[in-house]
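The structure under discussion appears below in the form of structure tokens.
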Amino acid sequence: METQYHRPSSVAEAAKLLGGDARLLAGGQSLVAAMKLGLASPSALVDLRGISGLDGIRTEAARVTIGAMATHASVAASRDVARAIPALAQLAAGIGDRQVRSCGTIGGSLANNDPAACYPAAVLGLGATIQTDKRQIPADDFFLGLFETALRPEEIITAVHFPIPERSAYEKFRQPASRFSIVGVMVAKTGANVRVAVTGAGSCVFRSRELEAALTRKFAPESCDGVQVDAKGLNSDLHGSAEYRAHLIPVLAKRAVARALG
């Protein structure tokens, strides 16, 4: 089957081209690989790279807004991001290899929702809001399951709004070949509110309520000691068992809290 290629100049034009099995093309790091393997054969590709203004990064008083087409490399190199949310810049710098960071985009990563991707942990851990061409979706409502999100079929991510926390840090135990997370943990604290998001361990990014409760009582590395994470439902593969991943979660959370406290 022949795949048509479109390069719209606006989000509205891109939205009109969607429908059927047409797919959006952002950085292409997942979709193109899937097409090469015969796992995806869309009738049309709608390339977002020709739309100006989708790759901007700006900082306001209480939040950082990152355009959906901002690459991982640009987020990692942004002085505004590094100043406002150092953990987010550090997370972006650790994604994949140089090619992936130069081509991959935050919007593409979130829409794909790979269970081992790093950005979902940042979005959920920091309590971000996903902006689309139609609405705003809180992080807690966005990630639904394995490669599944709350996005509607013809909805396009345009930006992500990150509230600036008082303290935050990200730690991951990475698979050395792919650099995906075997387990990754984002910890963020703002006032009395503590969020702990875990990627790589389950079919989808999730919050660890046990660690959140312990760190709300006292935001200190030792608060993670003795916290038991249930292995039921966690991933088990050649890189690590569910029990191993359950053990890693509080270990990485402890490291993240220590990093956040400086």
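Residue numbers start at 1 and run along the sequence shown.
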Worksheet entry | Side-chain heavy atoms of L211 within contact of P250, under 4.5 Å | yes

Worksheet item: Would you say the side-chain atoms of K172 pair up with the backbone N or O of G94, donor to acceptor, closer than 3.5 Å?
Response: yes

Worksheet item: Rounded to the nearest 0.5 Å, how far apart are CG of L48 and OG of S9?
Response: 12.0 Å

Worksheet item: Are side-chain heavy atoms of F143 and I137 found at a separation under 4.5 Å?
Response: no

Worksheet item: Should we say atom CZ of R23 is surrounded by more than 12 heavy atoms from elsewhere, each under 6.0 Å from it?
Response: no

Discussion item. Between the side chains of D47 and R49, is the shortest nitrogen-to-carboxylate-oxygen separation below 4.0 Å, so that they form an ion pair?
Written reply: yes

Worksheet, complete the sentence: In short, V75 meets A70 closest at the heavy-atom pair CG2-CB, 4.3 Å

Item to complete: Tell me, with the steps shown, if L24 and L31 meet side-chain contact (heavy atoms from CB on, under 4.5 Å).
Response: CA-CA 9 Å; L24 291 170; L31 178 57; over 6 Å; no

Fill in: H72 and Y119 aromatic centres sub-6.0 Å
yes

Discussion item. Under a 3.5 Å distance rule, please check whether S236 uses its side chain to pair with a backbone N or O of A242 as donor and acceptor.
Written reply: yes

Practice prompt. Using a cut-off of 6.0 Å, state whether more than 12 heavy atoms not belonging to H247 lie near its atom NE2.
Written response: no

Worksheet item: Any link between I249 and F219 through a network of hydrophobic side chains (Ile, Leu, Val, Met, Phe, Trp, Tyr) touching at under 4.5 Å?
Response: yes

Fill in: Closest heavy-atom pair and its distance - G19, E154
CA-OE2, 3.8 Å

Fill in: Pairwise side-chain contact, V183 with R174, heavy-atom cut-off 4.5 Å (strictly under)
no

Worksheet item: Does N235 use its side chain to pair, donor to acceptor, with the backbone of G202 at less than 3.5 Å?
Response: yes

Worksheet item: Quick one: does S74's side chain have a donor or acceptor within less than 3.5 Å of a partner on T71's backbone?
Response: yes

Worksheet item: Do E210 side-chain atoms and V227 backbone N/O form a donor-acceptor pair below 3.5 Å?
Response: no

Discussion item. In the structure I gave you, are the side-chain heavy atoms of V64 and V81 within less than 4.5 Å of one another anywhere?
Written reply: yes

Worksheet item: Can you check whether G38's main-chain N or O pairs, donor with acceptor, with K36's side chain at less than 3.5 Å?
Response: no

Worksheet item: Measuring from Q175:CD to H239:NE2, what's the distance to the nearest 0.5 Å?
Response: 4.0 Å

Worksheet item: Side-chain contact, heavy-atom cut-off 4.5 Å: C204 with L146?
Response: no

Discussion item. Is any side-chain heavy atom of I57 closer than 4.5 Å to one of T65?
Written reply: no

Worksheet item: Going through the checks in order, is the salt bridge (charged side-chain N to carboxylate O under 4.0 Å, His left out) test met by K254 and E222?
Response: CA-CA 7 Å; K254 181 176 182 177; E222 61 268 22; over 6 Å; no

Worksheet item: Between S41 and D21, what is the shortest heavy-atom contact and its length?
Response: O-OD2, 3.8 Å

Fill in: I182 backbone acceptor or donor facing R245 side chain under 3.5 Å
yes

Worksheet entry | Pair Q136, T129: side-chain N/O donor-acceptor within cut-off below 3.5 Å | no

Worksheet item: Can you find a pair of side-chain heavy atoms, one from S109 and one from P120, that are under 4.5 Å apart?
Response: yes

Fill in: Short N-O contact, R259 and E171, less than 4.0 angstrom
yes

Worksheet, complete the sentence: Rounded to the nearest 0.5 angstrom, the NZ-CD1 distance for K134 and I157 is 12.0 Å

Discussion item. Quick check on R135: does its CZ atom have over 12 non-hydrogen neighbours (other residues, nucleotides or ligands) under 6.0 Å away?
Written reply: yes

Worksheet entry | Hydrophobic cluster membership, I106 vs L151, 4.5 Å side-chain cutoff | yes

Worksheet item: Do F180 and F173 sit in the same hydrophobic cluster, where Ile, Leu, Val, Met, Phe, Trp and Tyr count as joined when their side-chain heavy atoms come under 4.5 Å apart?
Response: no

Discussion item. Can you tell me how far apart OG (S223) and CG (D225) are? Round to the nearest 0.5 Å.
Written reply: 8.0 Å

Worksheet entry | Check ion pair K16-E13 (N to O, under 4.0 angstrom) | no

Fill in: S102 side chain to R98 backbone, donor-acceptor under 3.5 Å
yes

Fill in: Heavy-atom side-chain proximity of L18 to I156 below 4.5 angstrom
yes

Discussion item. Can you give me the closest heavy-atom contact between A26 and T105, atom names plus distance?
Written reply: CB-OG1, 3.4 Å

Worksheet item: Looking only at heavy atoms, which two atoms of P115 and S203 are closest? And how far apart?
Response: CB-O, 3.4 Å

Worksheet entry | Salt bridge present between D80 and R58 (N-O < 4.0 angstrom) | no

Item to complete: For side-chain contact (heavy atoms from CB on, under 4.5 Å), just list the numbers for S181 and Y170, CA-CA rounded to whole Å, side-chain angles, deciding distance to a tenth of an Å, and then say yes or no.
Response: CA-CA 11 Å; S181 302; Y170 180 68; 3.2 Å; yes

Fill in: Minimum-distance pair of heavy atoms, taken over all atoms of G125 and M186
CA-CG, 4.0 Å

Fill in: Under 3.5 Å: donor-acceptor pair, side chain of T199, backbone of A117
yes

Discussion item. Any donor-acceptor pair under 3.5 Å linking the side-chain atoms of N113 with those of T149?
Written reply: no

Worksheet entry | Atom pair CG/CG of L45 and L17 - distance to nearest 0.5 Å | 11.5 Å

Discussion item. Grouping I, L, V, M, F, W and Y whenever their side-chain heavy atoms are under 4.5 Å apart, do V257 and I85 come out in a common cluster?
Written reply: no

Worksheet item: In Å, rounded to the nearest 0.5 Å, how long is the span from CD of Q90 to SG of C118?
Response: 9.0 Å

Worksheet item: Is the number of heavy atoms from other residues, nucleotides or ligands within 6.0 Å of CZ (R101) greater than 12?
Response: yes

Worksheet item: Under the 3.5 angstrom rule, does the side chain of D55 hit a backbone N or O of G67 as a donor-acceptor pair?
Response: no

Worksheet entry | S168/L126 under side-chain contact (heavy atoms from CB on, under 4.5 Å): CA gap, chis, key distance, verdict | CA-CA 8 Å; S168 62; L126 292 166; 4.0 Å; yes

Discussion item. If we check side chain to side chain contact (heavy atoms under 4.5 Å, CB included) with I130, which of these qualifies: V123, D141, T158?
Written reply: V123

Worksheet item: Does the distance from a Lys or Arg side-chain N to an Asp or Glu carboxylate O, for R152 and D133, drop under 4.0 Å?
Response: no

Discussion item. Please determine whether side-chain contact (heavy atoms from CB on, under 4.5 Å) holds for the pair L215 and C224, giving the CA-CA distance in whole Å, both sets of side-chain angles, and the decisive distance to 0.1 Å.
Written reply: CA-CA 7 Å; L215 291 168; C224 301; 4.0 Å; yes

Worksheet item: Should V196 and F142 be counted in the same cluster of Ile, Leu, Val, Met, Phe, Trp and Tyr side chains packed under 4.5 Å apart?
Response: no

